[in-house]
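Sharing a structure here in structure tokens format.
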Amino acid sequence: MSEAGGQGGAGAARPDLRSLAKAELQALVAALGEKPFRARQLQRWLHLRGAASLDEMTDLPRGLREALRERADLTTLERAVEQRSSDGTIKWTWRTHDGKLVESVYMPETDRKTLCVSSQVGCAIGCTFCMTGTMGLARHLTPGEIADQVHRANRRLIELGEGEGPRPLTNLVFMGMGEPLHNYEHLKAALDLLLDEDGPNFSHRHVTVSTSGLVPVMRRLGEETQVKLAVSLNATTDAQRDALMPINRRWPIGELLAACRAFPMKQGRRITFEYVLLGGVNDTDEDAERLARLVKGLPAKVNLIPYNDNPGLGFKAPAPSRVEAFHARLIARQVTAVVRKNRGRDIAAACGQLAAEGGPGDPRRAAPGAPAPGGLT
Ligand code: SAH
Ligand code: SF4
């Protein structure tokens, strides 16, 4: 919810405190004549404790809070829907200050608690097997909206007794709705906030950004951050990948893998290659052999993701025996590969099933008498 009733209005745009970088918060606080430690306090309220309003920031002088309220907004995602899976997965549908819906998925494991984060409302890339891809792109998420998914999740997990405060989450994966590298500036700003010691202070070793293959931006990500890279490969020939992922026509497999080879890798790191197994499309032994050849020589790990059904898209899941055979071929070729567990399928929270608008999690669809959700674009 927006404290100040929405962005802007007539005249100059008001900044959203949640989206400001550390240096911008410092400059704002200095301009208001306050001491530097007040900026640190403010940042900790915004990004460590996930304060939803200035009123919560009780150790900031009232005058400073009033001055901030006059000059800036403070937006917070509102929890619209919470769905809990039998396997412990939780999917949240958040409502932005302008009524858009985005989703995050919490996946607890014994040694880690991971949040799958969205970077955009919808996605412009249009992969033919992905529910988010069918929505088109409504808009980019702001840095504050990207970071606030983490804050809202942490706060809720504490309420649910899922961990100690202020930060139960240990890992972040940017594998939710949207193509993170298509919204690179905001992604980078959000990462800066999430990895900052005055925020939730995630380690870059515990943060993974997944891309469908925006080659020039992959280079920037490698130069400007130290987070881990995942690449959605999903096919082994250009003809096949062109048909599944339109982005391949712009940056074909050869260029994508060249960018992977050039990606600055820390010692012991690997690139994760995601490969959605589509029954009868890309799941043959020949595909497995080609995949092994493509990633040969790269510090790579292959994540096989059996297709999660999205009715109406015209694909089907591979037979379990096919998944096993495909996996075995990769292992036989000395490729590190795992079959990804399908978490949260019962609540449409699995890979490629996120589509808050009009999907199973759409609160307007759930509400009796609500108008049918319209198209997004
Ligand atoms: N846009 C980025 C980040 C989203 S990650 C990217 O594509 O990499 C989402 C992952 O889920 C991708 O690896 C994608 O290939 C996979 N995926 C999409 N639709 C799927 C489906 N129906 N079943 C299984 N995996 C799917
Ligand atoms: Fe977008 Fe990734 Fe889905 Fe492709 S797989 S449409 S890039 S979210």
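Order of appearance sets the numbers: ligands from 1, and atoms from 1 within every ligand.
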- Sub-4.0 Å heavy-atom approach of G178 to ligand 2: yes
- Message: If you count heavy atoms of other groups shown closer than 6.0 angstrom to NZ of K301, is the number above 12?
- Response: no
- Message: List ligand 1 atoms under 4.0 Å from E179, heavy atoms only on the residue side.
- Response: 1 (N), 2 (C)
- Query: When you check the side-chain N and O atoms of E103 and S118, is any donor under 3.5 Å from an acceptor?
  - Reply: no
- Return a yes/no value for G176: is any of its N or O atoms, backbone included, closer than 3.5 angstrom to an N or O of ligand 1? no
- Ligand-side contact atoms (ligand 1) for residue partner I305, heavy atom cut-off under 4.0 Å: 24 (C), 25 (N)
- List every atom of ligand 2 that sits less than 4.0 Å from any heavy atom of S212, numbering the atoms from 1 in the order shown and giving each element. 7 (S)
- Return the option from V276, T208, T132, T211 holding the heavy atom at the smallest distance from atom 16 (C) of ligand 1. V276
- Query: So which protein heavy atom does atom 21 (C) of ligand 1 come closest to, and at what separation?
  - Reply: C351 O, 3.3 Å
- side-chain contact (heavy atoms from CB on, under 4.5 Å) assessment of V231 paired with F273: CA-CA 5 Å; V231 173; F273 287 95; 4.0 Å; yes
- Carefully, step by step, assess E274 and S210 under the rule side-chain hydrogen bond (donor to acceptor under 3.5 Å, both in side chains). CA-CA 9 Å; E274 293 150 292; S210 177; 2.7 Å; yes
- Task: Under 4.0 Å from a heavy atom of G133: give me the atoms of ligand 2 that qualify, with their elements.
- Result: 6 (S)
- Query: F263 ring centre to R269 NZ or CZ under 6.0 Å, with the angle to the axis within 45°?
  - Reply: no
- For atom 10 (C) of ligand 1, grab the closest protein heavy atom and report residue, atom and distance to one decimal in Å. E274 OE2, 4.0 Å
- Message: Taking backbone and side chain together, does C123 place any N/O/S atom at a distance below 2.8 Å from atom 3 (Fe) of ligand 2?
- Response: no
- Min side-chain heavy-atom separation L157-R167 under 4.5 Å: no
- Query: Taking the minimum heavy-atom distance to atom 9 (C) of ligand 1, which of M175, M177, R340, M131 ranks first?
  - Reply: M175
- Message: Please state which option from G178, G133, A230 has its nearest heavy atom closest to atom 3 (C) of ligand 1.
- Response: G178
- Message: Which residue and atom name correspond to the protein heavy atom nearest atom 19 (N) of ligand 1, and how close is it?
- Response: G352 CA, 3.1 Å
- Item | Atoms of ligand 1, numbered as shown, that sit under 4.0 Å from any heavy atom of N234 | 15 (O)
- Under 3.5 Å between some N or O of ligand 1 and some N or O of S232? yes
- Is there a donor in the side chain of Q41 and an acceptor in the side chain of R44, or the other way round, less than 3.5 Å apart? no
- Closest protein heavy atom to atom 3 (Fe) of ligand 2, given as residue, atom name and distance to 0.1 Å: C130 SG, 2.4 Å
- Any non-hydrogen protein atom less than 4.0 Å away from atom 6 (S) of ligand 2: yes
- Just go through L304, L313, N308 and tell me whose heavy atom is the nearest to atom 23 (N) of ligand 1. N308
- Message: Give me the nearest non-hydrogen protein atom to atom 4 (Fe) of ligand 2 as residue plus atom name, then the distance to 0.1 Å.
- Response: C127 SG, 2.3 Å
- Query: Got a donor-acceptor contact below 3.5 angstrom from the D73 side chain to the D16 backbone?
  - Reply: no
- Message: Is the shortest side-chain heavy-atom distance between W94 and E78 below 4.5 Å?
- Response: no
- Item | Contact check, side chains of T89 and V105, non-hydrogen atoms, under 4.5 Å | yes
- Task: For N310, counting its heavy atoms only, list the atoms of ligand 1 lying under 4.0 Å from any of them.
- Result: 22 (N)
- Message: Tell me if the CZ atom of R139 is crowded by more than 12 foreign heavy atoms within 6.0 Å.
- Response: yes
- May I ask you to check whether D287 and N282 show a side-chain donor-acceptor distance below 3.5 Å? no
